[in-house]
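Sequence positions, counted from 1, serve as the residue numbers for this chain. Source: prediction; values computed, not measured. All heavy atoms count here, side chains included; hydrogens, waters and symmetry mates do not.
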Amino acid sequence: MNLVRRQFLSLAGAGLTSGLAAAWVSAAAYAQNDFPSRRIHIVLPYPAGGTVDVVTRIVTDKLSDIWRQPIVVEAKPAASGNLAWEQVSRAEPDGYTWAYLGAAIFANPRMYTKLRWSENSFVPVGATAWGPSALVVHPSLPINTVAEFIEYVRKHPGVLNWGNGGKGGSQHLAMASFLNATKLDVATVPYNGQPQAILDLMAGRVQLTMSPVGLVAQHIDSGALKALAVVSPTRVPFLPNVPTMSEAGYPEVNLVSWYGYGVPRGTPRPVIDKIAAGFNEVMKIPSVREALQKHALQPAKSMNADELAQLYAADSEKYAKIIREANIKID
């Protein structure tokens with residue numbers, strides 16, 4: 001082969017390679033600009049029919065209408081939600097597989113020692129609501145305030161049982177923070193979910209719990225339960241006469257969980273921005289905000305990707321501190 005022919009083939013090959021690279025970049029850019037162009041899959045770590053499932057469907061039904069693409073919600077509550085988060089952490093980072101982000105996204109990697117994911121496996125793309133909780137007790141206890149509760153427990157160490165409706169959840173960690181701050185001696189009774197813990201509390205089999213306000217407000221109104229304080233930055237409209245933990249003297253316990261969603265790390269920033277913009281658009285719809293408020297949730301304000309990342313990082317540090325100080329471990 002002569003020199004001229006070799007140079008021609010070399011240049012042709014280089015042109016072909018350059019063309020293929022340009023085509024690949026163009027296709028990738030188109031895929032990002034065209035997002036979403038197909039079905040989105042959300043994997044929830046909690047059972048169907050629960051608050052997380054309900055909130056997810058309230059928001060994603062509207063988002064599906066706006067984007068004109070189906071959004072499929074799958075409940076995968078096994079193994080404390082760890083299977084769900086592992087599944088999403090290993091998904092293609094293209095924006096079409098989402099995970100629910102809540103308190104356990106920060107807690108589980110610090111309580112379980114053999115997980116193959118952590119909160120760093122995800123990037124937040126949306127926040128929908130804040131979930132205030134309430135410290136509630138059985139009405140037979142002769143107390144009405146947090147101060148009276150503390151005094152009572154100190155006079156009766158080891159006698160009361162608190163129903164823990166979910167290891168690593170925001171209610172568990174808020175209670176752990178409260179017990180750590182007050183040095184109270186109460187026994188923990190674990191439950192696989194808040195509903196059973198609440199039923200046993202009303203039956204008197206346990207004497208206190210920390211629960212989402214939406215699950216106990218009606219029982220407080222009926223007198224079946226007694227609320228001592230709410231874990232919320234401000235008083236909750238459902239329970240206007242119940243003080244916050246800050247008002248009760250324990251601001252460090254105001255650990256309020258938020259309902260959010262994330263994608264696998266490595267998802268292109270244009271896709272992340274588009275999803276975040278979609279959530280913000282939905283959260284401006286009055287019917288969506290009203291539906292969330294009916295579940296005793298406080299609708300989240302609009303946040304861009306950078307603001308979501310800052311919230312995510314701050315919560316990571318906050319939960320890590322509580323788990324470390326309370327020495328919470330599962331395996």
Worksheet item: Do Glu119 and Arg110 sit within salt-bridge range, that is, some charged N less than 4.0 Å from a carboxylate O?
Response: yes

Discussion item. Using every non-hydrogen atom in the two residues, find where Tyr46 and Ala104 come nearest and quote the distance to one decimal.
Written reply: OH-CB, 3.7 Å

Worksheet item: Can you get from Leu184 to Val136 by hopping between Ile, Leu, Val, Met, Phe, Trp and Tyr side chains that sit under 4.5 Å apart?
Response: no

Practice prompt. Please check if Ile143 and Leu239 belong to a single hydrophobic cluster, counting links between Ile, Leu, Val, Met, Phe, Trp and Tyr side chain heavy atoms closer than 4.5 Å.
Written response: no

Fill in: Donor-acceptor pair, side chain of Asn304 and main chain of Asp273, under 3.5 angstrom
no

Worksheet, complete the sentence: Tightest non-hydrogen contact, residues Thr244 and Thr234, listed as CG2-C, 3.5 Å

Worksheet entry | Lys/Arg N to Asp/Glu carboxylate O, Lys321 vs Glu317, below 4.0 Å | no

Discussion item. Taking Asn144's backbone N and O only, do any of them form a donor-acceptor pair with Glu148's side chain (distance below 3.5 Å, no angle check)?
Written reply: yes

Item to complete: Let me see the working for Met175 and Trp162 under side-chain contact (heavy atoms from CB on, under 4.5 Å), right down to the final yes or no.
Response: CA-CA 9 Å; Met175 181 61 83; Trp162 84 273; 3.7 Å; yes

Item to complete: Looking only at non-hydrogen atoms, find the nearest pair between Pro240 and Pro237 and report the distance.
Response: CD-O, 3.2 Å

Discussion item. If hydrophobic clusters are built by linking Ile, Leu, Val, Met, Phe, Trp and Tyr wherever their side-chain heavy atoms come under 4.5 Å apart, do Met210 and Ile323 end up in the same one?
Written reply: yes

Worksheet item: What distance do Thr60 atom OG1 and Ile40 atom CD1 have between them, rounded to the nearest 0.5 Å?
Response: 9.5 Å

Worksheet item: Looking at Trp258 and Gly126, what are the two nearest heavy atoms and their distance?
Response: CZ3-O, 4.1 Å

Discussion item. Using side-chain heavy atoms (C-beta onward) and a distance below 4.5 Å, is Gln87 in contact with Leu83?
Written reply: no

Discussion item. With rounding to the nearest 0.5 angstrom, report the OG to CG distance, Ser118 to Asn108.
Written reply: 11.5 Å

Worksheet item: Which heavy atom of Pro268 sits nearest a heavy atom of Pro93, and at what distance?
Response: CD-O, 3.3 Å

Discussion item. Before you tell me yes or no, could you show the steps for Arg38 and Asp94 under side-chain contact (heavy atoms from CB on, under 4.5 Å), namely the whole-Å CA-CA distance, both residues' side-chain angles and the distance that decides it to 0.1 Å?
Written reply: CA-CA 11 Å; Arg38 55 185 171 86; Asp94 55 12; 3.0 Å; yes

Worksheet item: Is there a path from Val216 to Val256 through hydrophobic residues (I, L, V, M, F, W, Y) whose side chains come within less than 4.5 Å of each other?
Response: no

Discussion item. For Ser246 and Asn254, which I'm curious about, is there any donor-acceptor pair between the side chains at under 3.5 Å?
Written reply: yes

Practice prompt. May I ask you to check whether Ser133 and Gln171 show a side-chain donor-acceptor distance below 3.5 Å?
Written response: yes

Worksheet item: Side chains of Ser89 and Ser121: do they bring a donor and an acceptor to under 3.5 Å?
Response: no

Worksheet item: Taking it one step at a time, do Trp98 and Phe279 satisfy ring-ring contact (aromatic ring centres under 6.0 Å, His included)?
Response: CA-CA 13 Å; Trp98 301 357; Phe279 272 104; 5.6 Å; yes

Worksheet entry | Under 3.5 Å side-chain donor-acceptor pair for Tyr261 and Thr56 | yes

Fill in: Trp85 and Trp117 aromatic ring geometry - parallel, tilted or perpendicular at 30°/60° bounds
tilted

Item to complete: For the residue pair Glu247 and Arg235, establish whether any side-chain heavy-atom pair is separated by less than 4.5 Å.
Response: yes

Worksheet entry | Check against side-chain contact (heavy atoms from CB on, under 4.5 Å), Phe35 and Ile272 | CA-CA 10 Å; Phe35 179 90; Ile272 292 171; over 6 Å; no

Response to the item:
When rounded to the nearest 0.5 Å, the distance separating CD1 of Ile285 from CG of Asp65 is 8.5 Å

Worksheet item: Can you find a heavy atom in the side chain of Val230 that is under 4.5 Å from one in the side chain of Pro132?
Response: no

Worksheet item: So do Met283 and Leu292 actually touch side chain to side chain, heavy atoms under 4.5 Å?
Response: yes

Worksheet entry | Pair Ile58-His295, side-chain contact (heavy atoms from CB on, under 4.5 Å): steps then yes or no | CA-CA 11 Å; Ile58 288 172; His295 289 276; 4.1 Å; yes

Item to complete: Could you check if a side-chain atom of Tyr191 sits within less than 4.5 angstrom of a side-chain atom of Val206, using non-hydrogen atoms only?
Response: yes

Worksheet item: If you count the non-hydrogen atoms of other residues, nucleotides and ligands that lie under 6.0 Å from CZ in Arg205, is the total more than 12?
Response: yes

Worksheet item: Within the side chain of Thr128, is there an N or O that forms a donor-acceptor pair under 3.5 Å with the backbone of Gly260?
Response: no

Fill in: Heavy atoms of other groups near Arg265 CZ, more than 12 under 6.0 Å
yes

Discussion item. Just verifying a value: how many Å separate Phe178 CZ and Lys183 NZ, rounded to the nearest 0.5 Å?
Written reply: 12.5 Å

Practice prompt. Examine Val242 and Leu228 and state if one hydrophobic cluster contains both, with Ile, Leu, Val, Met, Phe, Trp and Tyr joined whenever side-chain heavy atoms are less than 4.5 Å apart.
Written response: no

Item to complete: Would you check if Val231 and Tyr250 make a side-chain contact, meaning some heavy-atom pair closer than 4.5 Å?
Response: no

Worksheet item: Atom OG1 of Thr97 and atom CZ of Arg39: how far apart are they, to the nearest 0.5 Å?
Response: 9.0 Å

Worksheet item: Is the backbone N or O of Val43 less than 3.5 Å from a side-chain atom of Glu74, with the two atoms forming a donor-acceptor pair by type?
Response: no

Item to complete: Please check if atom NZ in Lys62 has more than 12 non-hydrogen atoms from other residues, nucleotides or ligands closer than 6.0 Å.
Response: no

Fill in: Beyond-backbone contact of Ser257 with Phe106, side-chain heavy atoms, under 4.5 angstrom
no

Discussion item. For the backbone of Ser170 and the side chain of Tyr319, can you confirm whether one donor and one acceptor N or O come within less than 3.5 Å of each other?
Written reply: no

Worksheet entry | Side-chain heavy atoms of Thr209 within contact of Leu225, under 4.5 Å | no

Practice prompt. Taking all heavy atoms of Pro139 and all of Gly223, pick out the closest pair and write down the distance.
Written response: CG-O, 3.7 Å

Discussion item. I'd like to know if Lys274 pairs up with Asp34 as an ion pair, taking the criterion as any Lys NZ or Arg NE/NH1/NH2 lying under 4.0 Å from an Asp or Glu carboxylate oxygen.
Written reply: no

Worksheet item: To the nearest 0.5 Å, what is the distance between OG (Ser232) and CD (Gln298)?
Response: 4.0 Å

Practice prompt. Report yes or no: do Asp200 and Gln196 form a side-chain donor-acceptor pair below 3.5 Å?
Written response: yes

